[in-house]
Amino acid sequence: MATTELIELAIETSKKAYVPYSHFPIGAVLVAKDGSIYTGVNIENASYPLTNCGERTAIFKAISEGQRDFSELIVYGQTEKPISPCGACRQVMVEFFKPDLKVTLVAKDKSTVEMTVGELLPYSFTDLQ
(Lines give C-alpha, C1' and ligand atoms only; values in the text may rest on other atoms or scores of the structure.)
Protein backbone atom coordinates (compact mmCIF):
# COMPACT_ATOMS: atom_id res chain seq x y z
CA MET A 1 0.00 0.00 0.00
CA ALA A 2 1.37 3.44 -0.93
CA THR A 3 2.06 6.04 1.74
CA THR A 4 -0.82 8.21 0.47
CA GLU A 5 -3.22 5.28 0.93
CA LEU A 6 -1.82 4.64 4.42
CA ILE A 7 -2.39 8.30 5.30
CA GLU A 8 -6.02 8.03 4.16
CA LEU A 9 -6.39 4.88 6.27
CA ALA A 10 -4.95 6.68 9.31
CA ILE A 11 -7.42 9.54 8.83
CA GLU A 12 -10.36 7.12 8.54
CA THR A 13 -9.08 5.15 11.54
CA SER A 14 -8.95 8.31 13.68
CA LYS A 15 -12.74 8.57 13.39
CA LYS A 16 -13.00 5.47 15.62
CA ALA A 17 -11.10 7.09 18.50
CA TYR A 18 -12.80 7.25 21.89
CA VAL A 19 -11.93 10.78 23.03
CA PRO A 20 -14.77 12.22 25.14
CA TYR A 21 -12.37 14.23 27.32
CA SER A 22 -9.66 15.63 25.05
CA HIS A 23 -11.60 15.59 21.75
CA PHE A 24 -8.18 14.89 20.19
CA PRO A 25 -8.50 11.82 17.93
CA ILE A 26 -5.38 10.04 16.72
CA GLY A 27 -5.26 7.38 14.04
CA ALA A 28 -2.22 5.14 13.63
CA VAL A 29 -1.37 2.62 10.93
CA LEU A 30 1.45 0.15 11.49
CA VAL A 31 2.74 -1.81 8.50
CA ALA A 32 4.54 -5.11 8.97
CA LYS A 33 7.22 -6.25 6.55
CA ASP A 34 4.93 -9.06 5.36
CA GLY A 35 2.32 -6.44 4.34
CA SER A 36 -0.01 -6.93 7.31
CA ILE A 37 -1.60 -3.72 8.54
CA TYR A 38 -2.56 -2.91 12.13
CA THR A 39 -4.58 0.18 13.02
CA GLY A 40 -4.97 1.92 16.33
CA VAL A 41 -6.77 4.84 17.94
CA ASN A 42 -6.46 6.58 21.25
CA ILE A 43 -8.89 5.31 23.86
CA GLU A 44 -9.50 7.63 26.80
CA ASN A 45 -10.70 6.94 30.31
CA ALA A 46 -12.05 9.21 33.02
CA SER A 47 -9.02 8.10 35.03
CA TYR A 48 -6.58 9.77 32.62
CA PRO A 49 -3.53 7.55 33.28
CA LEU A 50 -5.56 4.59 31.99
CA THR A 51 -5.83 6.20 28.55
CA ASN A 52 -4.01 4.48 25.67
CA CYS A 53 -2.57 6.26 22.64
CA GLY A 54 -3.30 5.30 19.05
CA GLU A 55 0.32 4.41 18.35
CA ARG A 56 0.51 1.98 21.26
CA THR A 57 -2.88 0.49 20.40
CA ALA A 58 -1.62 -0.41 16.90
CA ILE A 59 1.69 -1.73 18.24
CA PHE A 60 0.06 -3.82 20.96
CA LYS A 61 -2.45 -5.29 18.46
CA ALA A 62 0.41 -6.35 16.20
CA ILE A 63 2.56 -7.77 19.02
CA SER A 64 -0.43 -9.64 20.49
CA GLU A 65 -0.89 -11.35 17.12
CA GLY A 66 2.75 -12.47 17.01
CA GLN A 67 4.06 -9.82 14.62
CA ARG A 68 7.60 -8.62 15.31
CA ASP A 69 8.96 -7.23 12.02
CA PHE A 70 7.74 -3.79 10.92
CA SER A 71 8.44 -1.41 8.05
CA GLU A 72 6.48 1.79 8.66
CA LEU A 73 4.25 3.69 11.08
CA ILE A 74 1.83 6.48 10.08
CA VAL A 75 0.36 8.72 12.80
CA TYR A 76 -2.44 11.18 12.02
CA GLY A 77 -3.65 13.94 14.32
CA GLN A 78 -6.20 16.65 13.68
CA THR A 79 -3.57 19.32 14.25
CA GLU A 80 -2.35 22.34 12.29
CA LYS A 81 1.06 20.72 11.83
CA PRO A 82 2.29 17.16 12.35
CA ILE A 83 2.55 16.27 16.03
CA SER A 84 5.09 13.98 17.62
CA PRO A 85 4.15 10.87 19.64
CA CYS A 86 4.25 11.14 23.42
CA GLY A 87 7.18 9.85 25.44
CA ALA A 88 5.44 6.59 26.39
CA CYS A 89 4.76 5.81 22.72
CA ARG A 90 8.35 6.65 21.80
CA GLN A 91 9.71 4.25 24.41
CA VAL A 92 7.37 1.46 23.23
CA MET A 93 8.51 2.12 19.65
CA VAL A 94 12.14 1.72 20.71
CA GLU A 95 11.28 -1.60 22.37
CA PHE A 96 9.69 -3.13 19.28
CA PHE A 97 11.08 -1.25 16.24
CA LYS A 98 14.50 -0.92 14.68
CA PRO A 99 15.96 2.61 15.05
CA ASP A 100 15.68 3.22 11.29
CA LEU A 101 11.95 2.40 11.05
CA LYS A 102 10.19 5.21 9.16
CA VAL A 103 7.56 7.17 11.09
CA THR A 104 5.33 9.55 9.12
CA LEU A 105 3.54 12.20 11.16
CA VAL A 106 0.47 13.71 9.45
CA ALA A 107 -1.49 16.90 10.13
CA LYS A 108 -5.13 17.56 9.25
CA ASP A 109 -4.13 19.25 5.97
CA LYS A 110 -2.19 16.05 5.12
CA SER A 111 1.18 17.77 5.45
CA THR A 112 3.76 15.29 6.69
CA VAL A 113 7.05 15.00 8.50
CA GLU A 114 9.07 11.82 8.13
CA MET A 115 11.58 10.70 10.71
CA THR A 116 12.96 7.53 12.19
CA VAL A 117 12.35 5.98 15.57
CA GLY A 118 15.99 6.76 16.41
CA GLU A 119 15.36 10.44 15.65
CA LEU A 120 12.21 10.45 17.78
CA LEU A 121 14.03 9.07 20.81
CA PRO A 122 17.80 9.44 20.75
CA TYR A 123 19.68 8.08 23.77
CA SER A 124 16.87 5.65 24.60
CA PHE A 125 17.12 3.15 27.44
CA THR A 126 18.04 0.43 24.97
CA ASP A 127 21.00 2.54 23.79
CA LEU A 128 22.32 2.59 27.35
CA GLN A 129 22.48 -1.19 27.80
Side-chain angles (χ1 to χ4, degrees):
M1 195 176 265
T3 300
T4 54
E5 293 173 301
L6 294 170
I7 289 171
E8 291 301 325
L9 180 57
I11 292 168
E12 283 304 307
T13 297
S14 75
K15 295 174 184 176
K16 298 175 185 173
Y18 179 74
V19 291
Y21 308 104
S22 72
H23 307 286
F24 187 73
I26 296 292
V29 176
L30 177 59
V31 182
K33 286 200 175 172
D34 70 3
S36 299
I37 293 176
Y38 302 88
T39 60
V41 297
N42 48 331
I43 303 166
E44 295 181 345
N45 191 281
S47 175
Y48 294 142
L50 299 179
T51 294
N52 199 53
C53 299
E55 300 92 314
R56 284 183 283 146
T57 299
I59 295 166
F60 294 161
K61 283 170 68 175
I63 296 299
S64 71
E65 293 186 24
Q67 191 62 255
R68 298 288 190 276
D69 202 10
F70 305 100
S71 60
E72 183 176 7
L73 175 67
I74 310 287
V75 182
Y76 168 77
Q78 291 182 0
T79 51
E80 296 300 318
K81 55 186 176 178
I83 189 165
S84 182
C86 74
C89 287
R90 292 178 193 202
Q91 187 58 46
V92 169
M93 288 177 195
V94 166
E95 182 76 20
F96 294 109
F97 299 159
K98 291 179 174 51
D100 63 345
L101 182 114
K102 181 173 91 168
V103 179
T104 303
L105 307 173
V106 184
K108 68 181 176 182
D109 68 358
K110 299 183 187 174
S111 61
T112 62
V113 171
E114 288 184 5
M115 42 193 359
T116 65
V117 170
E119 291 170 328
L120 279 170
L121 188 58
Y123 311 110
S124 68
F125 288 122
T126 56
D127 289 342
L128 302 174
Q129 297 176 0

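Just so it is clear, the values below take in all heavy atoms, side chains as well, and ignore hydrogens, waters and symmetry mates. Model, not experiment: these values are computed from the prediction.
Rounding to the nearest 0.5 angstrom, the gap separating the OG1 atom in Thr4 from the CG atom in Leu9 is 11.5 Å. Separation of atoms NZ (Lys16) and CG (Asn42) is listed at 13.5 Å; rounding is to 0.5 Å. To the nearest 0.5 Å, the span separating CD on Gln67 from CG on Asp34 amounts to 4.5 Å. If you take CG on Leu101 and CG on Asp69, they are separated by 9.5 Å, rounding to the nearest 0.5 Å.
At least one side-chain heavy atom of Leu6 sits less than 4.5 Å from a side-chain heavy atom of Ile37. Counting only heavy atoms from C-beta outward, the side chains of Cys53 and Pro85 never approach each other to under 4.5 Å. With a 4.5 Å cut-off on side-chain heavy atoms, Thr13 and Val41 count as touching. Residues Val103 and Leu105 meet the side-chain proximity criterion, which asks for heavy atoms closer than 4.5 Å.
Screening residues 59-95 for ring pair (Phe, Tyr, Trp, His ring centres under 6.0 Å) gives Phe70-Phe97 as the qualifying pairs, with residues at least two apart or on separate chains. Residue pairs that meet the salt bridge (charged side-chain N to carboxylate O under 4.0 Å, His left out) test with at least one member in residues 82-91, sequence neighbours left out, do not exist here. For residues 71-81, every residue pair satisfying the salt bridge (charged side-chain N to carboxylate O under 4.0 Å, His left out) rule, not counting sequence neighbours, is listed here: Glu72-Lys102, Glu80-Lys108. Residue pairs meeting the salt bridge (charged side-chain N to carboxylate O under 4.0 Å, His left out) criterion with at least one partner in residues 49-66, sequence neighbours excluded, do not occur; the list is empty. Under the salt bridge (charged side-chain N to carboxylate O under 4.0 Å, His left out) criterion, the residue pairs touching residues 1-12 are Glu8-Lys110, Glu12-Lys15, with sequence neighbours excluded.
Closest of all the heavy-atom pairs between Asn45 and Thr51 is N-OG1, 3.2 Å. Heavy atoms only, all atoms of each residue included: Ile74 and Ala10 are closest at CG2-CB, 4.0 Å. Smallest separation of non-hydrogen atoms from Glu119 and Thr116: OE1-N, 2.8 Å.
By the criterion of side-chain heavy atoms lying less than 4.5 angstrom apart, applied directly or through intervening Ile, Leu, Val, Met, Phe, Trp or Tyr residues, Ile59 is grouped together with Ile83 in one hydrophobic cluster. Cluster annotation: Leu73 is connected to Leu120 through the hydrophobic network of ILVMFWY side chains, with a link wherever side-chain heavy atoms come within less than 4.5 Å. Note on Val117 and Val75: same hydrophobic cluster, where clusters join Ile, Leu, Val, Met, Phe, Trp and Tyr whose side-chain heavy atoms are under 4.5 Å apart, directly or indirectly. Cluster annotation: Tyr38 and Met93 are assigned to the same hydrophobic cluster (Ile/Leu/Val/Met/Phe/Trp/Tyr, side-chain heavy-atom contacts under 4.5 Å, transitive). Note: the hydrophobic cluster containing Val113 does not contain Ile7 (ILVMFWY, side chain heavy atoms under 4.5 Å, direct or indirect links).
Remark: side-chain polar atoms of Ser111 are not paired, donor with acceptor, to backbone N or O of Ala107 under 3.5 angstrom. Using a distance-only test at 3.5 Å, with no hydrogens or angles considered, no donor-acceptor pair links the side chain of Ser47 to the main chain of Leu50.
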Check residues 17-32 and write down every donor-acceptor pair under 3.5 Å in which the side-chain atom is one partner and the other belongs to a residue at least two apart or another chain.
residue, atom, partner, partner atom, Å
Ser22, OG, Phe24, N, 3.1
Ser22, OG, Glu44, OE2, 2.2
His23, NE2, Pro20, O, 3.3

